[in-house]
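Reviewing the structure listed below.
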Amino acid sequence: MKTLKISALLLFAAALVLPFTFTSTVEGQAATAALETQMDARLPDTDLFNNFGTLGNPIDECTNPPVASRSFRDNKAIFEEREVVDDGLGPTYNAEACSTCHQAPVTGHVSQVNEFRVGSTDIFGNFVAPPGGQTLIQDRAIDAEAQEHINTGLNLHEFRSTRTVLGDGFVEAINSNTLVATVAAQPAAQRGQLRTVAVLEAPGQNRTGRFGHKSQHASLVSFSADAYLNEMGITSDLLPNENNILGASAAPFDTVADPEDAGNEDVEAFAAFMRALRVPGRGPINSTVTAGETLFSSIGCAVCHTPQFTTSATGTVINGGAFTVPAALGNKIIRPFSDFALHNIGTSAGIGGENGVNDRFATTTIALWGVRTKGRFMMQGNTMTIFDSIQVHGGQGSTSRTNFNNLSTTQKNQVIAFVLSL
């Protein structure tokens, strides 16, 4: 197209290279495509299960109650289980089960639930966390006196939408060096930022982050422990201390001894369940979708929304020695359309606990696989169409937005059709 600028052509070249850069075979064994789920709640558990571990027998609370880490079906039941006060729920919390935020249309995918983050700035424009240091404000409490209420001094507000955990076991199995090489190959203006973060289950060990809105976790066990504490208020051996209530102690409302998930039993079950989930499957692909995919790359979207990765070889030790990549996850080709790096596209309110990441989000938050099941888009879930989602891409996303806007109406509709096929 004549209206494309030279910069777009450079992005096109980079985008064409990236999908094929990291799909080499390992020890002579060709990589194979990861198993996909059709994301249809009417289908049996076998449509979700990727063969990590065992499928197990159907769960029945009377005859076959769930046992943590015994099988996929056991772990799925625990992922869906509603926590109560006697389990340690609260004192403040957002949800009663993992599946509350990861359910539609199948367990492990997305929801309409947003979490609420706040903060403020000082006279120099620096971010200041709320009293107690926690930016997350829980929507619920087990006692009216424990309910969190912000004041006008906390003038930075931000909602963050639920992200899918389908396929996350494959994401965990991507070699950190692969992520580093991906980002290094990006044009300077669009280059993402990778974080090195602690692996909670391997004290003293660090790894490249890839989970969470700020890529603040590198392993699914760490991610699970964090969510259990911050979304349900349940402590574990990895995170044994209750959150405060906007700086006030939670002790007067906490009747269950910490750690509430002693031995990380539930945390490990959550992680095992996510590791056993298939990747989101594609929708129908026609000539319009195929044309849209080519345009998606040519206008630069594929720079940050990296189409394809190959996971580490079976037997690779990751997470600081805490996990070994199994055959179900090893040497698998996945198409997440994410680079798992942080980017500043102008949509962040500047809320965060670490300088240098407050003004950006991880592409993992808006990884495009499974996006066709969503009705609200972007990090805050505040756009309702793909067109509008593209329009809010500023900063590092502005060149791709401009290139999209220079397309013909037919071409724009082709790009949108491609995105909605994912």
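The two residues L422 and R372 come nearest to each other via the heavy atoms O-CG, 2.9 Å. The minimum heavy-atom distance between M39 and V106, with the atom names listed, is C-CG1, 3.8 Å. Nearest heavy-atom pair across L166 and W369 is O-CZ2, 3.8 Å. Closest approach of Q186 to V303, counting heavy atoms only: NE2-O, 2.9 Å. The two residues F223 and G212 come nearest to each other via the heavy atoms CE1-N, 4.3 Å. Of all non-hydrogen atoms in I333 and A31, the two that sit nearest each other are CG1-CB, 3.8 Å.
Salt bridge annotation for R278-E36: absent, with no cationic side-chain nitrogen under 4.0 angstrom from a carboxylate oxygen. A salt bridge does not link E231 to R160: none of the charged side-chain nitrogens sits closer than 4.0 Å to a carboxylate oxygen.
Between the side chains of T383 and S389, at least one donor N or O lies within less than 3.5 Å of an accepting N or O. Side-chain contact annotation: N155 with S120, donor-acceptor N/O pair under 3.5 Å absent. In summary, the side chains of D226 and N230 do present a donor paired with an acceptor at a separation below 3.5 Å, with no hydrogens or angles considered. Remark: the D359 side chain and the N344 side chain contain an N/O donor-acceptor pair separated by less than 3.5 Å. Between the side chains of N319 and Q205, no donor-acceptor pair of N or O atoms lies under 3.5 Å.
Annotation: side chain to side chain donor-acceptor pair (under 3.5 Å) contacts of E80 (sequence neighbours excluded): K76, T107.
With rounding to the nearest 0.5 Å, the separation of CZ in F404 from CD1 in I390 is 4.0 Å. Atom OG of S99 and atom CD1 of I78 lie 12.5 Å apart (nearest 0.5 Å). Going from atom OG of S298 over to atom CG of N403 covers 8.0 Å, rounded to the nearest 0.5 Å. The CD1 atom of I416 sits 11.5 Å away from atom CG of L295, with the distance rounded to the nearest 0.5 Å. Between H157 atom NE2 and Q380 atom CD the span is 13.5 Å, to the nearest 0.5 Å. Within the model, atoms CG of L246 and CD of E148 stand 4.5 Å from one another, a figure rounded to the nearest 0.5 Å.
Between F72 and L277, some side-chain heavy-atom pair lies under the 4.5 Å cut-off. Side-chain contact between I285 and T290 is present, with at least one heavy-atom pair separated by less than 4.5 Å. Side chains of P66 and R73 form no contact here, defined as non-hydrogen atoms less than 4.5 Å apart. Side-chain atoms of I59 and D74, non-hydrogen and from C-beta on, do get closer than 4.5 Å to each other. Inter-residue side-chain proximity for H102 and V110 is flagged as unmet; no heavy-atom pair is nearer than 4.5 Å. For the pair D86 and V256, the minimum side-chain heavy-atom distance is 4.5 Å or more. Side-chain atoms of L194 and S215, non-hydrogen and from C-beta on, never get closer than 4.5 Å to each other. H343 has its side chain out of reach of R360: every pair of non-hydrogen atoms, C-beta onward, lies at least 4.5 Å apart.
Among the candidates T32, T310, T316, the single residue satisfying the side chain to side chain contact (heavy atoms under 4.5 Å, CB included) test with N331 is T310. In summary, of the residues considered (R163, R275, R210), a salt bridge (charged side-chain N to carboxylate O under 4.0 Å, His left out) with D168 occurs for R163 alone. Each of E201, R207, H217, Q216 was evaluated against S222; a single residue qualifies, E201, per the side-chain hydrogen bond (donor to acceptor under 3.5 Å, both in side chains) test. Checked against T135 for a side-chain hydrogen bond (donor to acceptor under 3.5 Å, both in side chains), the options E115, E158, R117 give a single hit: R117.
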request  = Could you go through the side-chain contact (heavy atoms from CB on, under 4.5 Å) check for I345 and Q190 one step at a time?
outcome  = CA-CA 10 Å; I345 62 169; Q190 284 78 38; over 6 Å; no
inquiry  = Run I245 and F253 through side-chain contact (heavy atoms from CB on, under 4.5 Å) and show every step you take.
reply    = CA-CA 10 Å; I245 304 173; F253 310 99; 3.8 Å; yes
ask   = Do F309 and T178 pass the side-chain contact (heavy atoms from CB on, under 4.5 Å) test, and can you show the C-alpha distance, the side-chain angles, and the key distance before you say yes or no?
value = CA-CA 8 Å; F309 286 95; T178 299; 3.7 Å; yes
request  = Tell me, with the steps shown, if F49 and D45 meet side-chain contact (heavy atoms from CB on, under 4.5 Å).
outcome  = CA-CA 6 Å; F49 181 52; D45 289 338; 5.8 Å; no
message = Let's go through H393 and S398 carefully: what are the C-alpha distance in whole Å and the side-chain angles of both, what is the deciding distance for side chain to side chain donor-acceptor pair (under 3.5 Å) to 0.1 Å, and is it a yes or a no?
response = CA-CA 6 Å; H393 278 65; S398 58; over 6 Å; no
inquiry  = Checking R70 against N64 for the side chain to side chain donor-acceptor pair (under 3.5 Å) test, could you report, in this order, the C-alpha distance in whole Å, the side-chain angles of both residues, the deciding distance, and whether it holds?
reply    = CA-CA 12 Å; R70 181 176 62 177; N64 185 35; 2.9 Å; yes
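Looking only at distances, no side-chain donor or acceptor of S400 sits under 3.5 Å from a matching main-chain atom of G397. Not a single donor-acceptor pair under 3.5 Å links the side chain of T121 to the backbone N or O of F127. With hydrogens and angles ignored, the 3.5 Å screen pairs a side-chain donor or acceptor of S312 with a backbone N or O of A173. At least one donor-acceptor pair under 3.5 Å links the side chain of D47 to the backbone N or O of Q38. Looking at N244, its side chain never comes within 3.5 Å of a backbone N or O of A248 through a donor-acceptor pair. Here the side chain of S161 pairs a donor or acceptor atom with the backbone of M378 at under 3.5 angstrom. Here the side chain of K332 pairs no donor or acceptor atom with the backbone of L35 at under 3.5 angstrom. Distance alone, capped at 3.5 Å, places no donor-acceptor pair between the S111 side chain and the T162 backbone. A donor-acceptor pair under 3.5 Å links the side-chain atoms of T363 to the main chain of A341, judged by distance alone. For the pair Q308 (side chain) and I334 (backbone), a donor-acceptor distance under 3.5 Å is absent.
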List the atom pairs, donor and acceptor, that lie under 3.5 Å between side-chain atoms in residues 261-274 and the rest of the protein, sequence neighbours left out.
{"unit_1": "D261", "atom_1": "OD1", "unit_2": "E265", "atom_2": "N", "d": "3.1"}
{"unit_1": "D261", "atom_1": "OD1", "unit_2": "D266", "atom_2": "N", "d": "3.0"}
{"unit_1": "D261", "atom_1": "OD2", "unit_2": "D266", "atom_2": "N", "d": "3.2"}
{"unit_1": "D261", "atom_1": "OD2", "unit_2": "V267", "atom_2": "N", "d": "3.0"}
{"unit_1": "N264", "atom_1": "OD1", "unit_2": "D237", "atom_2": "N", "d": "3.0"}
{"unit_1": "N264", "atom_1": "OD1", "unit_2": "L238", "atom_2": "N", "d": "3.4"}
{"unit_1": "D266", "atom_1": "OD2", "unit_2": "Y228", "atom_2": "OH", "d": "2.6"}

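The environment of CD in Q147 is crowded: more than 12 heavy-atom neighbours from other residues, nucleotides or ligands sit within 6.0 Å.
Ring-plane geometry between F52 and F323 is classed as perpendicular, the angle between the planes exceeding 60 degrees on a 0 to 90 degree scale with a lower cut at 30.
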